[in-house]
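All remarks here apply to the structure that follows.
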Amino acid sequence: MSRPRVWVSQPLFDDIVGQLAAHFELTLEREVRSYSSDELAERLAPLDGALVTLNERIGAAEIGSAGNLRAIANVGVGYNNLDLEALSAAGIVATNTPDVLTETTADLGFALLMATARRITEAEAFVREGRWRAWSFTTLLGADLHGSTLGILGLGRIGRAIARRARGFGMRVVYHNRSRLAPALEAELGASWLGFDDLLSASDHLVLVLPYTPASHHLIDARALARMKPTATLVNIARGGIVDELALADALAHGRLAGAGLDVFEGEPRVRPELLALKNLVLTPHIGSASLATRRAMVQLAVDNLIAAMGVGPNAGHPPSILNADALKAAGTGAAVAGAKNTTASKR
């Protein structure tokens, strides 16, 4: 009986990905690249499982011919690259990698907060370009973090980690979620809930850490930016599509917002030229979780998820971080999942 076939869409860590070889026939990619919808459909068609990254957008069109596919492990906490409804309807289990990247991403978010407020990239360019002729009392004046009000839009795992860091800087923390946290957790974090508009107007610095959904698309638009203080800064470590980038560029260019720091972009890796032209904007290439230890932990969790979702290994049928448990129930668990290839195919 042939072994299940698994594809790994990008080069990751060979020693960790190699653990899959104990259970599956592996196809590994040796270079980072983008795939068209047709190319993804072609690669997924013969597979039983796949380990993918946010670069691969997978929905109904991409899985249409993948009659044996029963599990997709996403390396990342965000999963807007996966159409969960389509995957669930096809009985395909999807997983992600939460928790292991929380603290590292919060570190990067706070680094962007500091770099944006204190104009670090502008200052470095000022020195490197030879424009520093003499010390001046008013050169590159920025904004303080200590004693200021930090607004957090999306107080989930990463948002809470940022709130804990903010307390060390003596910042007042306000937040907005669709649902308020329990009073005890608010007290622990030193965070106060505000309505969305009130959060915008109260924040000296605003960080975005909310999931990207149709409802949050361009949530930070021209109207929202107009509610913010002209002295405020904005940091986005969530997903690029949450911010209307043209509206942001216009606000930054015309002094309606003091500065911004972006780790994510709507069309990444393409960055709008309107953003690149701005000096009061700190840019990083989606490196929120990019420490060696954390990226290795993410890949390990994705591998563990895939092995379990495929019905083998010590956690067979119980992947640690499943996104659509209904699909797992439909396919069966444990040994039933391992033998479900023909059954799953017949359901589609």
Side-chain angles (χ1 to χ4, degrees), residues 105-121 142-167 169-178 180-181 186 189-212 215-266 275 278 280-284 288:
T105 305
D107 282 349
L108 190 278
F110 221 86
L112 280 177
L113 279 170
M114 298 180 72
T116 303
R118 293 301 302 271
R119 303 172 65 179
I120 297 299
T121 55
D144 286 327
L145 290 188
H146 70 272
S148 66
T149 296
L150 173 64
I152 303 176
L153 187 54
L155 203 61
R157 296 180 184 92
I158 297 170
R160 294 172 198 178
I162 290 172
R164 291 195 298 270
R165 286 158 175 75
R167 295 191 73 175
F169 278 74
M171 302 177 82
R172 173 191 175 223
V173 177
V174 293
Y175 78 97
H176 179 77
N177 277 356
R178 288 177 297 177
R180 286 191 66 165
L181 302 180
E186 286 188 343
L189 296 171
S192 301
W193 185 91
L194 292 177
F196 177 62
D197 284 349
D198 289 338
L199 180 81
L200 297 174
S201 58
S203 299
D204 296 309
H205 310 284
L206 177 65
V207 60
L208 309 181
V209 210
L210 68 164
Y212 178 69
S216 64
H217 178 72
H218 286 189
L219 182 63
I220 304 301
D221 57 9
R223 189 205 71 84
L225 292 165
R227 298 281 305 184
M228 297 181 67
K229 302 174 184 179
T231 55
T233 68
L234 172 73
V235 165
N236 187 9
I237 57 171
R239 285 292 185 268
I242 294 169
V243 176
D244 181 338
E245 293 176 345
L246 290 178
L248 175 63
D250 190 66
L252 290 170
H254 293 93
R256 297 192 301 276
L257 194 69
L262 304 178
D263 186 49
V264 289
F265 306 88
E266 187 164 12
L275 296 176
L278 296 166
N280 54 343
L281 179 59
V282 180
L283 306 172
T284 53

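Not a single donor-acceptor pair under 3.5 Å links the side chain of Y175 to the backbone N or O of R160. Using modelled atom types, no side-chain atom of S216 and backbone atom of L210 make a donor-acceptor pair closer than 3.5 Å. Put simply, the side chain of N177 gets close to the backbone of L155: a donor and an acceptor are under 3.5 Å apart. Of the possible polar contacts, none joining the D221 side chain to the D244 backbone as a donor-acceptor pair under 3.5 Å is found. A donor-acceptor pair is defined here as one N or O able to donate and one able to accept, closer than 3.5 Å; no such pair exists between the side chain of T116 and the backbone of L113.
Residue-environment remark: CZ (R172) stays at or below the threshold of 12 foreign heavy atoms within 6.0 Å.
The shortest side-chain heavy-atom distance between T233 and L206 does not fall under the 4.5 Å cut-off. Put simply, the side chain of L112 does not reach to within 4.5 Å of the side chain of N236, judged on heavy atoms. Looking at heavy atoms from C-beta onward, H146 lies out of side-chain contact with M171 at the 4.5 angstrom threshold. Between R223 and R227, some side-chain heavy-atom pair lies under the 4.5 Å cut-off. Between F265 and L275, some side-chain heavy-atom pair lies under the 4.5 Å cut-off. L234 is listed as a side-chain neighbour of L257, based on a closest heavy-atom distance under 4.5 Å. No side-chain heavy atom of L150 sits less than 4.5 Å from a side-chain heavy atom of V174. Using a 4.5 Å heavy-atom cutoff, the side chains of H217 and I242 are not in contact.
Ring-plane geometry between H176 and W193 is classed as tilted, the angle between the planes lying from 30 to 60 degrees on a 0 to 90 degree scale.
Residue pairs meeting the side-chain hydrogen bond (donor to acceptor under 3.5 Å, both in side chains) criterion with at least one partner in residues 105-114, sequence neighbours excluded, are D107-R165.
The distance from atom CD1 of I220 to atom CG of L248, rounded to the nearest 0.5 Å, is 9.5 Å. Going from atom OG1 of T231 over to atom CZ of R256 covers 14.5 Å, rounded to the nearest 0.5 Å. To the nearest 0.5 Å, atoms CG (L208) and CG (L219) are separated by 8.0 Å.
Listed here is the closest heavy atom pair of A251 and L225: CB-CD1, 4.3 Å. Summarising the geometry of P230 relative to G255, their closest heavy-atom pair is CB-O, 3.8 Å, with the distance given to 0.1 Å. The two residues A258 and L252 make their nearest non-hydrogen contact at C-CD2, 4.2 Å. Closest heavy-atom contact between L281 and T121: O-OG1, 4.3 Å. Between A232 and S203, the closest heavy-atom pair is CB-O, 3.7 Å. Minimum heavy-atom separation, L194 to A202: CD1-CB, 3.9 Å.
A search for ring-ring contact (aromatic ring centres under 6.0 Å, His included) contacts involving F169 returns F110, not counting sequence neighbours.
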- Task: Report the C-alpha distance between Y212 and V264 in whole Å, list the side-chain angles of each, state the deciding distance to 0.1 Å, and finish with yes or no for side chain to side chain contact (heavy atoms under 4.5 Å, CB included).
- Result: CA-CA 11 Å; Y212 178 69; V264 289; over 6 Å; no
- Message: Run I237 and V235 through side chain to side chain contact (heavy atoms under 4.5 Å, CB included) and show every step you take.
- Response: CA-CA 7 Å; I237 57 171; V235 165; 4.1 Å; yes
- What's the verdict on side chain to side chain contact (heavy atoms under 4.5 Å, CB included) for V207 and V209, showing C-alpha distance, side-chain angles and the deciding distance? CA-CA 6 Å; V207 60; V209 210; 4.0 Å; yes
- Task: Begin from the C-alpha positions of L262 and V282 and carry the test side chain to side chain contact (heavy atoms under 4.5 Å, CB included) through to its verdict.
- Result: CA-CA 6 Å; L262 304 178; V282 180; over 6 Å; no
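A salt bridge does not link R239 with D263: every distance from a Lys NZ or Arg NE/NH1/NH2 to an Asp or Glu carboxylate oxygen is 4.0 Å or more. A salt bridge is defined here as a Lys NZ or Arg NE, NH1 or NH2 lying under 4.0 Å from an Asp or Glu carboxylate O, and D144 with R118 fails to meet this definition.
Checking H218 against E245 by side-chain atom types alone, no donor-acceptor pair falls below 3.5 Å.
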